[in-house]
2 protein chains.
Amino acid sequence: MTFCYDYARPAVTTDIAVFTIQDQRLAVLLIQRGGEPFAGHWALPGGFVEADETLEACALRELAEETGIQGVWLEQLYTFGNPERDPRDRVISVAYFALVPMASLNPRAGSDAQDARWFFIDDLPELAFDHRDILDLAQHRLRAKLDYSTVAFSFMNETFTLGELQTVYEIVRGETLDKRNFRKFVKSLNLVEDAGATRRNGTHKPARLYRLIQPGHLHYIR
Amino acid sequence: MTFCYDYARPAVTTDIAVFTIQDQRLAVLLIQRGGEPFAGHWALPGGFVEADETLEACALRELAEETGIQGVWLEQLYTFGNPERDPRDRVISVAYFALVPMASLNPRAGSDAQDARWFFIDDLPELAFDHRDILDLAQHRLRAKLDYSTVAFSFMNETFTLGELQTVYEIVRGETLDKRNFRKFVKSLNLVEDAGATRRNGTHKPARLYRLIQPGHLHYIR
DNA sequence: ACAAAAGTGTTCTCGATACACCCATGC
DNA sequence: GCATGGGTGTATCGAGAACACTTTTGT
């Protein structure tokens, strides 16, 4: 079956940059492409928009199909439409980005993907298409959003220590922060509560655990 | 001639929200649609992406064709992809927004448009498609951008008074500002210089004229 | 005992806010 | 002379930055 139109139409895809924190470093989820073009290259998960699904539904579906990851919060990033970005054909890609808790999700390869795994953001392989540009923009947006929203909490597990949270801020911003100022800042947000437990985690004082008062909510600050 | 593909493809358009300031109010450029659907309704200028043009080039071309406006600075806003947003067919629209100097451009109707003119943002007709949503988002983004960039200067003519600039801020933010604090703020940016002239403008003291030191540059502040 | 991360307050600086009067012009 | 917008300075407040020591645990 073929689909015919009076004018040329571009193909439309979504691509998704999923970030997490691993080993105290920022990591992104990539798949290894099974088919041409760029067979064997690493790329962002994503794929073609189907006739009756929203762009966000497409992104969620492709993410689940190619990596097994489900139910993440997505934000639209930018739409890439350079006519040369796909060597085969005119393809316009609506890019999304997402953050998932530290090391919580084990990706597995799915359809169209030979493999799916986390890469550190500062140690990436060569990427297919313009996915490197997409990733750079996503990282830029993530850094900016840290300053005026509570995105960083999306990286946290259900309970977490303030030290872990501070590490996330330090990793994304690429600079160290003062511990006392950081804790003052977090407490002034009034978004976390004491989870009533501590975690022993090595040869030092146990850390108090906190949880979000409204899990899943993104807040705008400043 | 027809174009055939193995899978269904959406049509892709760009739509552009062009803002200006008129009579101390925020205004947006709309066209009256000539053809179906929504014939006779007012809508944002825009149209289908051609095979070999970038999304931004498409937006600029459609804007010129439909309204005669050329050479404006565009920023990508958001991509609207709800499958129901166009009653005919699946159409995905990449929305852009732009700011042009106060009352500087006289739109004229062009192809596919019976008419093109400015509407005050708080006195809009019923709009075609989901263009009301696009406009609401554009206005929201404009307001937000005022706080961390110098977008407001895009509304200004080559020379302008600080009173005019303050009025722009007041219109977009919807609140009055203190004159002394505002002037202190503008001067602290170090982005404007004295144009060495004044403008008589009614029954009061003439106002000093300023100009941008780097015209056309958008700066990020804060 | 010692190494290693957890936890805790005060001072200072700077940008943002609040606020009131004189000036130059047209009528 | 009076109405109208142009133009100017100072005091206050609050958020962000700088900064050092004690606590608890594992080995």
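Throughout, a chain's letter reflects where its sequence line sits, starting with A, and its residues are numbered from 1.
For residues 130-154 of chain A, every residue pair satisfying the ring pair (Phe, Tyr, Trp, His ring centres under 6.0 Å) rule, not counting sequence neighbours, is listed here: Phe129(A)-His131(A). Under the side chain to side chain donor-acceptor pair (under 3.5 Å) criterion, the residue pairs touching residues 121-130 of chain B are Arg25(B)-Asp122(B), Arg85(B)-Asp130(B), with sequence neighbours excluded. Sequence neighbours left out, the pairs with a member in residues 152-165 of chain A that pass salt bridge (Lys or Arg N to Asp or Glu O under 4.0 Å) are Glu164(A)-Arg199(A).
Running 5' to 3' along DNA chain D, contacts with non-hydrogen atoms of chain A at under 4.0 Å begin and end at dG16(D) to dG26(D). Taking every nucleotide of DNA chain C with any atom under 4.0 Å from a non-hydrogen atom of chain A, the first and last of them, 5' to 3', are dA3(C) to dT10(C).
Atoms CZ and CG, on Phe97(B) and Leu99(B) in that order, are 6.0 Å from each other to the nearest 0.5 Å. Residue Ile171(A) holds its CD1 atom at 6.0 Å from OG1 of Thr167(A), rounded to the nearest 0.5 Å. Atoms CD1 and OG1, from Ile69(B) and Thr20(B) in turn, are 8.5 Å apart once rounded to the nearest 0.5 Å. The NZ atom of Lys145(B) lies 10.0 Å from the OG atom of Ser154(B); values are rounded to the nearest 0.5 Å.
The ring pair (Phe, Tyr, Trp, His ring centres under 6.0 Å) test applied to His204(A) returns no partner, not counting sequence neighbours. The side chain to side chain donor-acceptor pair (under 3.5 Å) search around Glu56(A) returns none, not counting sequence neighbours. Take Phe182(A) and apply the ring pair (Phe, Tyr, Trp, His ring centres under 6.0 Å) test, not counting sequence neighbours, and it matches Tyr169(A). Every residue two or more places apart in sequence or in another chain that forms a ring pair (Phe, Tyr, Trp, His ring centres under 6.0 Å) with Phe119(B) is listed here: Trp42(B).
Of the two residues contacting DNA chain D, namely Arg180(A) and Leu162(B), the nearest-nucleotide position lying further toward the 5' end is that of Leu162(B). Checking Gly163(A) against Lys184(A), the closest nucleotide of DNA chain C that is more toward the 5' end is the one next to Gly163(A).
The residue from Val172(A), Leu29(A), Leu142(A) that alone fulfils the side-chain contact (heavy atoms from CB on, under 4.5 Å) condition with Phe19(A) is Leu142(A).
Direction of the helix axis in the helix from dA1(C)-dT27(D) to dC27(C)-dG1(D) shifts by 0° between the two five-pair termini, rounded to 10°.
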**OP:** Take Thr13(A) and Val49(A) through the test side-chain contact (heavy atoms from CB on, under 4.5 Å) and record every step on the way to the result.
**Re:** CA-CA 5 Å; Thr13(A) 61; Val49(A) 174; 5.7 Å; no
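With hydrogens and angles ignored, the 3.5 Å screen pairs no side-chain donor or acceptor of Glu62(B) with any backbone N or O of Pro45(B).
A heavy-atom distance below 4.0 Å to DNA chain C is reached by none of the residues of residues 166-178 of chain A. Remark: Thr203(A), His204(A), Lys205(A), Pro206(A) in residues 196-206 of chain A come within less than 4.0 Å of DNA chain C through at least one heavy atom.
Contacts of Arg208(B) with the nucleic acid, taken as non-hydrogen atoms under 4.0 Å apart, involve only primed sugar atoms and P, OP1 or OP2.
Salt-bridge check for Arg208(A) with Asp194(A): passed, with a basic side-chain N closer than 4.0 Å to an acidic carboxylate O.
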